[in-house]
Each structure stands twice: as structure tokens, then as C-alpha cells.
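These notes concern the structure reproduced below.
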Amino acid sequence: FNFSIKTMAATAVLLGSVSFASADVTLRGASMFDEEHSFTKTLREFERLVAENYDGEVSFDLRLNGELGVESDYVTYLNQGVAVDYTILAPSNMAVFSESIPLMDMPFLFRDLDHWNAVLSSDAFAPLEADLREAAGIVIVGYHGGGVRNLASAEPITNMEELADHRMRVMGAPIQAQTFDAVGAAPAAIAYNEVYNAIQTGVIAGFENEAASIQNLKFYEVAPHISLTQHTITVRPIVMSAAIFDELDADLQAAIMTAGAEAGAFGRALESGADGEILQEMADAGQIVIHEFDGREKMLELVQPVQDAYAEELGATELLENVRGM
Ligand code: MAV
């Protein structure tokens, strides 16, 4: 199979993110979803908290529903300091700029929600944040996440045999393709805004995602079979463009960091708390069929050497051991 990655060019006007002309600052944000999705709710909470923590004038212009493209587009904008000043991103979508950042987004990194919580409340990821700022010009101001990713497919995938050679979309980071390759599937990196069509036309047979996004973007229409592989608990940094952040006055920077931490905690509670309910809602509405997956332990066993090799290549073996040991 030959898959091409085509990124939809955002048609928006890309310049003039921050108006330095007046004392008032307008920050521009982006979300791929509508107001109902936890990413958007978290960004709204972030805006509210920044305004609350800052004495000066600051306003926000958040564009929803993928108006400014998808996350792989936002990454470029953040890096260049144009069009998008703040958003929420999957670390795996930042791989083009920082090889190490997708480590926090690896399938099977966390044992369970307690482990995920412990790691996110520690500073275990600080070296990855530093690399991201340096290499990508992107500042992490907080951590959203907490969705559980499962396989979503046109046909049921319930065991390792059915997973063999399964043509599925993965996010752009090499570690994502390596992981699903190791468990026997046939992964391909495809832009998020092409996934629905690719499944509908049979180019791929499915993908993997968390409940909130499957519901919000109606992926169940083409991939109604959910296999409970529960391979990832998401880590979704709230990010800002360093080019923009560094130009703001110190009080606003401090307000942003406080707001990021608090909005992240709000968002994590929201998404992790609602994950099971959203799956159930979709099942009750007849939109999805939920299947147990027989072989999760086997997957984990096959994936661990891939994680070890990736960490070693990055010089992050100690970091990975530290995270696993928490
Ligand atoms: C979900 O919509 C989110 O986790 C988002 O951050 C990812 O970019 C997206 O999936 C994806 O799979 O690309």
C-alpha cells in the first residue's frame, strides 16, 4: 500500500497573531472540534483563567471545527509564530520538530489512570518539554488528556489473528507506526482530516482514537466497531507558540502558566471521567458495537522492545525507566 500524506492548506490569513500596536493583546487559538469536545472546553477554561489571573487586557479568538486545519497544521503555525498562538496537541503530531516529544504519547506507556496521573503530576517529562521549546519553538503550559484510545474499524477486530495485516491509520510520529507494526498490523500515517474518507473508500480498514473524538467527529459512521485494546491513555499538552509567548509581558506569561496548569487539571478530570460514559452513549445510540480484545498482554509484550529501542536512540532510557517505575 502506498499512502500519501496530504495536509490541507488552511485558507485563513496567517499573519498578525498578536496586536502589539495597542496595549491590548489578542491571542488566537484553534480546535479541531466544536464546543462540546473536551479540548474546546479546556481551551475555554484556559482563556477564562488567563483573564482572571491577569490585570491587563487580553482577549481570545478561538477558531473551532478545524477552521484552521488539523493539529499537524497547528504545529507549523506555532513554530512560525503565525495564525495559531495556543491550542491542544497530540505529542505525536509534533514529531517533525522534536523526535523525543512523542515518547509521552507512546501506546502502552501507562499501566492505568493512577500511573498516568502520577507521571503527569511529576516533572518526569521536563527534559522532553525543554527539547520541544528548543527544537520546535513550542511551550507546554499545561497537560490535558485522559482519553483511552481503542481500535475503531469498519469490521470487528477481536484478536491478534484479526489484527494481522489490518490496514489502519496512525498518527505521524514514527514510534506510532513502529508500535502497530510490531503487533502485526499494517499501519499508515494519514492526516487526521483524511481518515474518514480513507475508511469510507476502503483505502484503510480503520484507525485508533479516543471516545470523545470518535463521537465529536462522527467517525462511528465509517468505523463502528470498537475493540477494547485500551492501548493509550492520552497526554495532550496545552501549548503556546514560543515566538508569541516570549513577547508577552511577564505578568501575562505568569497568568498563562497558572491558567495552563489549572485548565489542564480541569480538562484531564473532564476527559478521563467522561471516557467510559461517551463509549456507552454511542453504544446505546446504536452508533458503535463494543468488542473485547483478546491479546492485549501479547501486544504489550511485542511493543516493549520497540519502546526500549526508541528511548535508547533518543538517549532517554533513564527517563523511560523512571516513568515505568512510578
Ligand atoms: C484525537 O482527535 C486527539 O487525540 C488529537 O489530539 C489527535 O491529533 C487525533 O486524535 C489523531 O489521532 O490525530
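Remember, it's a predicted structure, so these values are computed and weren't measured experimentally. Counting starts at 1 for both ligands and their atoms, in listed order. Counting begins at 1 with the first residue of the sequence.
- The pair Arg133-Glu129 does not meet the salt-bridge criterion, since no charged nitrogen lies less than 4.0 angstrom from a carboxylate oxygen.
- Atom CD of Gln287 is separated from atom CD of Gln215 by 7.0 Å, given to the nearest 0.5 angstrom.
- One finds a salt bridge joining Arg63 and Asp61 here, because a Lys/Arg side-chain nitrogen approaches an Asp/Glu carboxylate oxygen to under 4.0 Å.
- Checked against side-chain hydrogen bond (donor to acceptor under 3.5 Å, both in side chains), Asn209 has the following partners two or more places apart in sequence or in another chain: Tyr192.
- Asp249 and Gln253 are not linked by any side-chain donor-acceptor pair at a separation below 3.5 angstrom, with hydrogens and angles left out of the test.
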N/O contact list for ligand 1, threshold under 3.5 Å:
unit_1	atom_1	unit_2	atom_2	d
ligand 1	2 (O)	Tyr192	OH	2.7
ligand 1	2 (O)	Ser213	OG	2.9
ligand 1	4 (O)	Arg149	NH1	3.1
ligand 1	4 (O)	Glu210	OE1	3.3
ligand 1	4 (O)	Glu210	OE2	2.5
ligand 1	4 (O)	Arg236	NE	2.9
ligand 1	4 (O)	Arg236	NH2	3.0
ligand 1	6 (O)	Glu71	OE1	3.2
ligand 1	6 (O)	Glu71	OE2	2.6
ligand 1	6 (O)	Arg236	NE	3.1
ligand 1	8 (O)	Glu71	OE1	2.9
ligand 1	8 (O)	Glu71	OE2	3.4
ligand 1	8 (O)	Asn93	ND2	2.9
ligand 1	10 (O)	Arg149	NH1	3.2
ligand 1	10 (O)	Asn209	OD1	3.3
ligand 1	10 (O)	Asn209	ND2	3.2
ligand 1	12 (O)	Arg149	NH2	2.9
ligand 1	12 (O)	Arg169	NH1	2.7
ligand 1	12 (O)	Asn209	ND2	3.1
ligand 1	13 (O)	Arg169	NH1	3.3
ligand 1	13 (O)	Arg169	NH2	3.0

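- Environment of CG in Asp165: sparse, with no more than 12 heavy atoms of neighbouring residues, nucleotides or ligands closer than 6.0 Å.
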